[in-house]
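Side chains included, hydrogens not; waters and symmetry mates left out as well; all remaining heavy atoms used.
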Amino acid sequence: MKKWMLLLALAAVQSPPLYAQTPAKAVATPAKPMDLRIEQLPAVLAGSLAYDEFFAPSFLAVVPAAQLKLLSDQFIAQHGKPLKIISVEPQGPNSATIKIEYEKAIATAQISVEPSAPNKVVGLLITGFDMKGDSPAKIDAAFAALPGKAGYLVEKIGADGRRTQIAGRATGQQFAIASTFKLYVLAELASQVQAGRRSWSDVVPILANSHSSSATVNWPRTTPVTLQTLATWMISVSDNASTDALMRVLGRDAVERKLATIGHSDPDKALPMLNTVEAFALKSNAELRTRFQKANEAEQRNILDKEAASLGFDKVDLVNLGSGPVAIDSIEWFASPSDIANLLGNIRQTGSQTALDVMAVNKGVAPASANKWQYLGYKGGSEPGVISMSFLAQSKAGDWYVITGSWNDTTKEVQNDAFAALMARLLDSVAG
């Protein structure tokens with residue numbers, strides 16, 4: 001999912017068409033070069049016009065043709081063939097916001113061309129898709145059709161804090177949620193700051209390594225950073241070393257007490273709460289993994305204590321993880337959609353604007369979806385066989401909502417892109 005979103009941001013490939021398109025042979029030469037490029041776009045997205053005839057070399061140097069084709073193929077697989085431009089909103093002489101009609105959806109994109117001949121495209125950015133004729137029933141059916149198990153929940157939060165379910169499926173079922181668990185760490189940090197025990201500006205070292213730590217990779221472990229910086233990295237790019245640093249500072253026991261205070265429908269499933277390097281180490285060590293899976297909670301805690309030397313970063317062998325799901329039903333972080341709704345509600349109730357700001361750095365969806373909300377906070381998580389996405393949102397009218405969903409498959413990898421698109425549909429349906 002992260003990779004796809006990055007390519008999407010770089011390639012910027014679509015938006016709702018702004019005016020009707022007719023076959024090229026029947027169209028008079030456009031009055032402006034921009035008009036020609038906009039008219040050609042559906043053909044480019046369909047693969048019938050060569051990329052080097054349409055895009056400037058500077059664009060293709062950043063987003064090669066192979067990446068463009070991959071993105072276009074993904075869009076066609078999800079939304080059908082691109083049909084025509086249905087609207088154009090000029091943003092100056094050389095750029096515009098456009099809407100492109102696909103068979104199943106309307107895409108919105110921003111396009112810009114060179115100011116001089118040959119006036120090729122130097123910028124193309126997709127900002128979102130709106131499904132044609134979408135409905136809550138269709139979205140629910142799409143969740144039901146996912147292989148493995150999937151669930152979601154949409155709740156409206158009243159002024160008094162009470163939550164009312166609007167839609168949902170398997171709302172009480174436990175799912176592996178991967179990095180979504182980091183919201184519990186954020187909730188405990190916000191609570192400790194509120195209680196005066198910590199400050200967002202407190203400075204601590206990172207100290208330990210973990211895998212999938214894009215924000216802190218290759219940083220000296222003694223680098224001093226603020227708790228707010230660690231929290232921002234933890235939530236916005238899911239940096240695992242930052243997460244483990246915060247868990248060390250706050251205390252595993254404190255984060256677990258926060259989970260209990262918030263409320264969890266199956267604490268035996270959720271505890272003990274692993275840090276990220278422990279999860280990697282357990283999954284990559286077959287002997288320790290088996291012992292941990294067979295143990296009760298007290299025995300698991302003893303393993304974490306006594307086998308700490310075997311659970312460090314240097315003991316993780318990623319080769320042993322293979323390419324598919326590994327113990328996602330036993331060595332993971334677990335919560336039901338209702339549990340996550342409790343968690344998001346608690347973060348909002350702390351009144352911490354900093355926590356809300358941290359959650360809003362990465363909104364999890366394309367700008368076209370995010371811009372439908374006054375506020376949108378997000379945290380997601382994924383590993384092979386697991387994807388989870390959760391939003392805390394405030395509508396333009398001022399109403400608050402929780403939108404969360406998870407999908408697990410113990411037998412094969414889940415399709416992250418397809419689930420992200422489904423969650424965007426769910427988010428859009430509530431905004432609408």
Side-chain angles (χ1 to χ4, degrees), residues 161 177-210 212-217 219-264 267 270-279 301 304-305 308 312-313 333 335 339-362 375 377-381 390 392 400 402:
I177 60 172
S179 288
T180 301
F181 93 93
K182 295 168 185 176
L183 288 171
Y184 284 108
V185 182
L186 179 65
E188 174 57 20
L189 174 57
S191 293
Q192 290 195 18
V193 171
Q194 185 181 46
R197 296 172 55 195
R198 309 278 178 194
S199 171
W200 292 103
S201 60
D202 287 349
V203 175
V204 299
I206 300 169
L207 289 187
N209 288 312
S210 186
S212 298
S213 301
S214 61
T216 60
V217 64
W219 282 51
R221 297 298 91 178
T222 55
T223 300
V225 292
T226 67
L227 297 183
Q228 184 171 342
T229 299
L230 290 175
T232 304
W233 285 338
M234 174 181 71
I235 300 299
S236 65
V237 295
S238 216
D239 187 274
N240 285 332
S242 298
T243 304
D244 291 354
L246 283 173
M247 287 191 70
R248 183 190 73 250
V249 171
L250 301 174
R252 189 203 310 267
D253 56 344
V255 179
E256 290 180 341
R257 285 195 300 271
K258 186 63 177 177
L259 178 145
T261 299
I262 293 171
H264 193 286
L271 303 175
M273 185 177 288
L274 304 173
N275 65 32
T276 68
V277 76
E278 288 169 342
R301 292 185 185 279
L304 295 179
D305 181 40
F313 176 79
W333 300 272
D339 294 330
I340 296 176
N342 286 337
L343 171 56
L344 290 170
N346 178 271
I347 291 174
R348 177 178 171 268
Q349 288 172 353
T350 64
S352 172
Q353 185 60 48
T354 301
L356 294 180
D357 291 343
V358 165
M359 288 182 60
V361 172
N362 175 4
Y375 168 85
Y378 165 75
K379 184 70 190 86
S390 297
L392 178 63
W400 285 88
V402 168

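- In this structure, a donor-acceptor pair under 3.5 Å is absent between the side chains of Thr276 and Thr243.
- Between the CG atom in Asn275 and the NZ atom in Lys182 there is a gap of 11.0 Å [rounded to 0.5 Å].
- Distance alone, capped at 3.5 Å, places no donor-acceptor pair between the Asp244 side chain and the Ala241 backbone.
- Atom CG of residue Leu227 and atom CE of residue Met234 lie 10.5 Å apart, to the nearest 0.5 angstrom.
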I would like to know whether Glu278 and Met247 meet side chain to side chain contact (heavy atoms under 4.5 Å, CB included); could you show each step before the answer? CA-CA 12 Å; Glu278 288 169 342; Met247 287 191 70; over 6 Å; no

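- The shortest non-hydrogen separation linking Gly263 to Asn342 is O-ND2, 4.0 Å.
- Scanning for side chain to side chain donor-acceptor pair (under 3.5 Å) contacts around Ser242 gives Asp239, with sequence neighbours left out.
- Rounded to the nearest 0.5 angstrom, Gln192 CD and Thr350 OG1 are separated by 12.5 Å.
- For the residue pair Gly161 and Gln349, the shortest heavy atom distance occurs at O-NE2, 4.1 Å.
- Within the model, atoms CD1 of Ile177 and OG of Ser390 stand 7.5 Å from one another, a figure rounded to the nearest 0.5 Å.
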Residue pair Leu344, Met359: steps toward the side chain to side chain contact (heavy atoms under 4.5 Å, CB included) verdict: CA-CA 10 Å; Leu344 290 170; Met359 288 182 60; 3.7 Å; yes

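- Side-chain atoms of Arg221 come within 3.5 Å of backbone atoms of Ala208 as a donor-acceptor pair (strictly under, hydrogens ignored).
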Could you go through Arg248 and Ile206, starting from their C-alpha distance and side-chain angles, then the distance that decides it, and tell me whether this counts as side chain to side chain contact (heavy atoms under 4.5 Å, CB included)? CA-CA 10 Å; Arg248 183 190 73 250; Ile206 300 169; over 6 Å; no

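- Between Asp305 and Arg301 there is no salt bridge, since none of the side-chain N atoms of the basic residue sits less than 4.0 Å from a carboxylate O of the acidic one.
- Of the possible polar contacts, none joining the Gln228 side chain to the Thr354 backbone as a donor-acceptor pair under 3.5 Å is found.
- A heavy-atom distance below 4.5 Å is not found between the side chains of Leu259 and Asp339.
- Rounding to the nearest 0.5 Å gives a distance of 11.0 Å between NZ of Lys379 and CD1 of Ile340.
- Taking each heavy atom of Thr180 and Gly381 in turn, the nearest pair found is OG1-N, 3.6 Å.
- No donor-acceptor distance shorter than 3.5 angstrom exists from the side chain of Gln194 to the backbone of Ser352, with no hydrogens or angles considered.
- Listed by first and then second residue, the ring-ring contact (aromatic ring centres under 6.0 Å, His included) pairs involving residues 180-199 are Phe181-Trp333 (not counting sequence neighbours).
- In this structure, Ala190 and Ala355 approach most closely via the heavy-atom pair CB-CB, 4.3 Å.
- With values rounded to the nearest 0.5 angstrom, Leu189 atom CG is found 9.5 Å from Ile235 atom CD1.
- Taking the side chain as every heavy atom from C-beta outward, Val185 and Leu250 approach each other to under 4.5 Å.
- Smallest separation of non-hydrogen atoms from Val203 and Thr226: CG2-CG2, 4.1 Å.
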Pair Leu392, Val402 - check side chain to side chain contact (heavy atoms under 4.5 Å, CB included), show working. CA-CA 5 Å; Leu392 178 63; Val402 168; 4.1 Å; yes

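- The minimum heavy-atom distance linking Leu186 with Ala231 is given by the pair CD1-CB, 4.2 Å.
- Ser213 and Ser210 share no side-chain donor-acceptor pair at under 3.5 Å.
- Without hydrogens or angle criteria, Asn346 side chain to Ala187 main chain gives no donor-acceptor distance under 3.5 Å.
- Looking only at atom types and distance, the side chain of Ser238 has a donor-acceptor partner in the side chain of Ser179 under 3.5 Å away.
- Between Trp233 and the options Val358, Leu246, Thr216, a side chain to side chain contact (heavy atoms under 4.5 Å, CB included) holds for only Thr216.
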